[in-house]
Amino acid sequence: MNYLLGAFKPACNVSITFSDGKNRKQVPMKKENGQTALVPLFHSQDTISGKVCIDPYQGKKVEHNGVKVELLGQIEMYFDRGNFYDFTSLVRELDVPGEIYERKTYPFEFPTVEMPYETYNGVNVRLRYALKVTVTRGYSGSILEYQELVVRNYAPLPDINSSIKLEVGIEGCLHIEFEYNKSKYHLKDVILGKIYFLLVRIKMKNMDLEIRRRESTGAGANTHVETETLAKFELMDGTPVRGESIPVRLFLAPYDLTPTHRNINNKYSVKYFLNLVLVDEEDRRYFKQQEITLYRLKEDASA
Amino acid sequence: MRALAGVEDEEKWLAEGIAGIQHNAFFMHRALDANNLREVLKYSALMLSELRTSKLSPQKYYDLYMRAFDQLRQLEIFFKDESRHGLPVVDLYELVQHAGNILPRMYLLCTVGSVYIKSKQAPSKDVLKDLVEMCRGVQHPIRGLFLRSYLAQVSRDKLPEIGSDYEGDANTVMDAVEFVLQNFTEMNKLWVRIQHQGPGTVREKQEKERNELRDLVGKNLHVLGQIEGVDLEMYKETVLPRVLEQVVNCKDKLAQYYLMECIIQVFPDEYHLQTLEALLAACTQLMPTVDTKIVLTQLMDRLSNYAASSPDVLHEFLQVEAFAKLSNAIGKVIDTQLEMPIVGAMTLFVSLLTFTLRVHPDRLDYVDQVLGACVVKLSSVPKLEDSRAMKQVVALLSAPLEKYSDIVTALTLSNYPRVMDHLDDGTNKVMAMLIIQSIMKNDSCISTADKVEVLFELIKGLIKDLDGTNVEELDEEDFQEEQNSVARLIHMLDNEEPEEMLKIIYVVRKHLMTGGPQRLPFTVPPLVFSAVRLVRQLEAQGGNIAGEDVPATLRKIFQILNQTIEALSSVPCPELALRLYLQCAEAASDCDLEPVAYEFFTQAFILYEEEIADSKAQVTAIHLIVGTLQRINVFGVENRDTLTHKATGYSARLLKKPDQCRAVYACSHLFWVDDPEGIKDGERVLLCLRRALRIANAAQQMVNATRGSSGPVTLFVEILNKYIYFFEKGNPHITPSDIQSLIELINTEMLSDNGNTTIHSDPFFSSTLRYIRFQKQKGGVMGEKYDSIKL
């Protein structure tokens, strides 16, 4: 916990700046204390370079056993007593042991870093990237400084993107056929579709389309599955008659979605589903869930 | 559950809904003022969420809707002004679709959509199509109806109709039509569906509520009717078939009835005429419970008015064979709708007939065809008892009478009497009266025997007792009026041609003789006079009729007359018969048919002797006989003597003395006819007058004996006047001294009468005296005659 609070013994002030900090896009990220902070955005294969600046306070000297900067990629499982698994760890030694009397700046660079996974903030799991500066000291503990990064990776347009078409029903009661125009959507996409009512023998109150996220963590017997409903979008009000077709048009942009993640580092998966829910007058729910794949499209391409 | 809630609850819910709208509208306005788009959308969606209620009846819901509607106008203004929210309208169009609930989302989308069209950044047809398609999401009938009516309202001035800003390029009037049609179809489906909501126990209330909502649906048809650029072709090929398809397929009685009504009202007459077939075909496919007759009636009314509006359009009617089509359709409707009460069928026939009369006044065969169809229908039911149906039949029969002011036209309709046969007796009479009144009003003359035959067949309800009529129930006054009408009618039967006229008389007689004793006194006199008129006509023409022996004809007529009048004796009605005999006698006399005239007189005398017992009637009869006899100059001496003798004899045998006296002095005229060839038997005149004087004297004495005082001298004065008359006419047997003595006699009588009182002056007497004095003073021949009379 204390690493986020920074150096509690302010012998010196450690700061990290990126060489392209002014131009780099920043995105909001929710921090643990609930506040949102703007964090620089990186993609895989980016070169991460910048400077670490160590500035001792008022003529104090900082004795150290070495200064290093690490690029960490961690997966944190909340139910696993907060254990991290580092899947990426790159180190640059910045200084040999010695003393720092005055402000000292160290440039660093991690060229074309492979960052295969996206930053993810889930219910039970979190995947984060951070730069960690360590001023190693023999006694009174090392001085640590973190800089969070956000990594997002674009996916190419899928080659095959067939529509989802399904006929479902309850014998002699309700029979519908629904169709979503694609099975893979990018995050700013719009879901288009139609619901045909082939048989309606129940009185309906409404029909919603839900976007559900299923996050499964762990493996084998320790698998934890958490499902959240991220969007609830009313498609229909009232009871249709046989032969009616109800249009579907759901814009994904307003919702806080991530791409689908499959078996990230053997630790977790995130899947998305479209759940069509019919609610009858007695508040009984009839639903059919279909998985969709979400992917991130390069912004200018999606526009 | 709405159905179970009381009115109070509903009021409460409405109040809550309104409060909710106002509350959110307040925040929305604040956001509007601050030009804060996000907040505006948030609060407008919240506000519109109030419309998601299911608790209100349509009326209350409308109230709520209107409040939201007002707010949406403000919102639209805001959306229109890009500088206020900073977002291109296309983005705005997407943004409002993020709303999670469909109803607020759709209201917002429609609002932005209307702005979108106005901005012309997208073709109006695409936006309209999108909106009408997206509205499908609201399937709740009432909410859906109001939403779509909102859509219709905001889009009304943005349709790409001809002449509008939004028309052109790819946006054609066809797109506008397509949009409205689709919205109409969907709305109608929703409207029809209301009945399937809730339990069946509230069906009646639901019907009422649905009825309140119907104008929302009908509005679409009004719009269709108003779209500029819908020509006949498009109407015929697209608009009407689509609308009718919806009407027929919805299989709902309320909707079918209302929509057919709408179609008929909103589209131009000309279109109806050209699409008659489709329209009528739809009518026959409506649900059996739909009141098709009103629909058809309205259609025919419109078409008839259209036909009446301008003669130029009539050929169109012929072109499309409007009559045949209508007639067919009505036949079908009547055949298929077995449950339709007879009154319904009759109403239809009335409308069809009205239509026919207006559009094809020259086509009597059409009229007859309608009546024929009506007969067929009426024959299929046992007996017409429904009074409303009866009224319709009367209307049906009256229509041709009104149209063709000439009744003769109606008489040529072969089915006319057959329809009348189906009326009950009372109505039959009413109808007969109508026919007669029509004849009277138009002063039309029926001039052939055939037509008379038909006419009498029509009004036979008045001519004779029909089977099963309860005579006692008849109202005396009504009966008299009816018979008087028949009597008047007889005078309208006329033909210049004596031969035809005779035939007419035969026909009339044949019918009237069946009338029974109650009717004869009314109907015989006009017949007799009608015949007498023919006699006089023949007589005036003399022997000019080619190939016809006039006297023979005349004799034939007189025979009929004799028989006719004889019929009255069975009534009995001697006074009337006597008068008629006398009339005939006079007519016969004018024709120089002495034996005939004698025969009539004989009949008259026999009647007098055998039938007329009442003394007052006798007096009247005697005066009539005397009067007639005096005018007749055909008799030879012998016959005349016999008759005058008889007449004088009857006069003297009257009961009351004064009556005797008056009759006798009247008889004096029988011997003195004041014309050059007339008989002038002065002696017998004097005899009569003397006899009258004697009777007057006797009368005076009788009065004296019974009352103690003599009566007035009136009789004497009257006789004096007779004396003066004959004196002036130059009867040699009347001398001045006779007059002189009579005056004195009167004076004495008056004195004796009023011996002890003041002299009572009789005004008649004094004026008589004044006349004599005047004649004396005047001088001349007449004055000299009077010279010897002293007053």
Side-chain angles (χ1 to χ4, degrees), chain A residues 174 176 178-179 181 187-197 199-212 229-257 275-283 302-303, chain B residues 1-2 38 41-42 45 48-49 51-54 90-107 109 129-148 182 185-186 188-199 249-252:
Chain A
L174 182 69
I176 64 173
F178 60 80
E179 181 180 352
N181 61 337
L187 297 178
K188 308 284 180 220
D189 217 342
V190 49
I191 299 174
L192 299 175
K194 266 197 185 309
I195 320 268
Y196 300 98
F197 284 81
L199 177 75
V200 186
R201 291 259 171 82
I202 49 171
K203 298 221 163 150
M204 267 172 264
K205 224 155 64 172
N206 59 338
M207 173 168 73
D208 294 339
L209 188 62
E210 293 175 346
I211 300 176
R212 290 158 75 89
T229 301
L230 299 180
K232 190 168 174 244
F233 189 74
E234 194 182 18
L235 289 181
M236 184 185 74
D237 173 21
T239 312
V241 289
R242 208 169 62 113
E244 201 69 66
S245 84
I246 307 297
V248 177
R249 184 187 293 161
L250 172 59
F251 290 93
L252 297 177
Y255 305 104
D256 187 19
L257 304 173
N275 193 24
L276 186 69
V277 185
L278 286 149
V279 184
D280 75 4
E281 287 196 328
E282 270 90 51
D283 278 330
S302 73
Chain B
M1 295 305 101
R2 170 165 58 81
R38 200 150 288 279
L41 292 180
K42 176 181 158 196
L48 290 165
S49 290
L51 291 175
R52 298 174 71 207
T53 178
S54 300
V90 55
D91 291 353
L92 201 55
Y93 194 72
E94 182 190 321
L95 193 58
V96 293
Q97 294 185 65
H98 294 175
N101 282 317
I102 184 154
L103 199 70
R105 177 164 79 233
M106 287 317 302
Y107 273 104
L109 190 64
K129 203 170 169 190
D130 190 49
L131 290 175
V132 79
E133 193 58 35
M134 292 309 285
C135 279
R136 277 174 188 277
V138 182
Q139 291 286 328
H140 183 276
I142 292 177
R143 294 196 283 272
L145 269 178
F146 277 95
L147 170 67
R148 285 186 180 272
Q182 198 178 343
T185 309
E186 294 300 325
N188 190 45
K189 282 194 210 160
L190 292 170
W191 186 46
V192 169
R193 213 183 293 164
I194 294 180
Q195 60 187 314
H196 305 305
Q197 307 274 309
N249 289 343
C250 77
K251 299 207 187 312
D252 174 70

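The chains referred to below are lettered A, B, ... by the order of the sequence lines, with proteins before strands, and numbering in each begins at 1.
The candidate with the highest count of non-hydrogen atom pairs below 4.5 Å against chain A, out of B:R143, B:E186, B:R105, B:R52, is B:R105. Taking chain B as the reference chain and counting heavy-atom pairs below 4.5 Å, the highest number among A:K205, A:E234, A:K232 is found for A:E234.
A:F178 is linked by a ring pair (Phe, Tyr, Trp, His ring centres under 6.0 Å) to A:Y180, counting only residues two or more places apart in sequence or in another chain. A search for ring pair (Phe, Tyr, Trp, His ring centres under 6.0 Å) contacts involving A:Y196 returns nothing, not counting sequence neighbours.
A 6.0 Å sphere centred on NZ of B:K129 holds no more than 12 heavy atoms belonging to other residues, nucleotides or ligands.
When all heavy atoms of A:D237 and B:I102 are compared, the pair lying nearest together is CB-CG2, 3.7 Å. The minimum heavy-atom distance linking B:G137 with A:P247 is given by the pair N-CD, 4.2 Å. A pairwise comparison of heavy atoms in A:I246 and B:R136 identifies CD1-O, 3.3 Å as the closest pair. The minimum heavy-atom distance between A:F251 and B:E94, with the atom names listed, is CE2-CG, 3.0 Å.
Looking at heavy atoms from C-beta onward, B:E133 lies out of side-chain contact with A:R249 at the 4.5 angstrom threshold.
Residue contact with chain B, scored on non-hydrogen atoms closer than 4.5 Å, involves the backbone and the side chain of A:V241 alike.
Summarising the geometry, atom CD belonging to B:Q97 is positioned 10.0 Å from atom CG belonging to A:L250; distances are rounded to the nearest 0.5 Å.
Between B:R193 and A:E244, at least one side-chain nitrogen of the basic residue sits less than 4.0 Å from a carboxylate oxygen of the acidic one, meeting the salt-bridge criterion.
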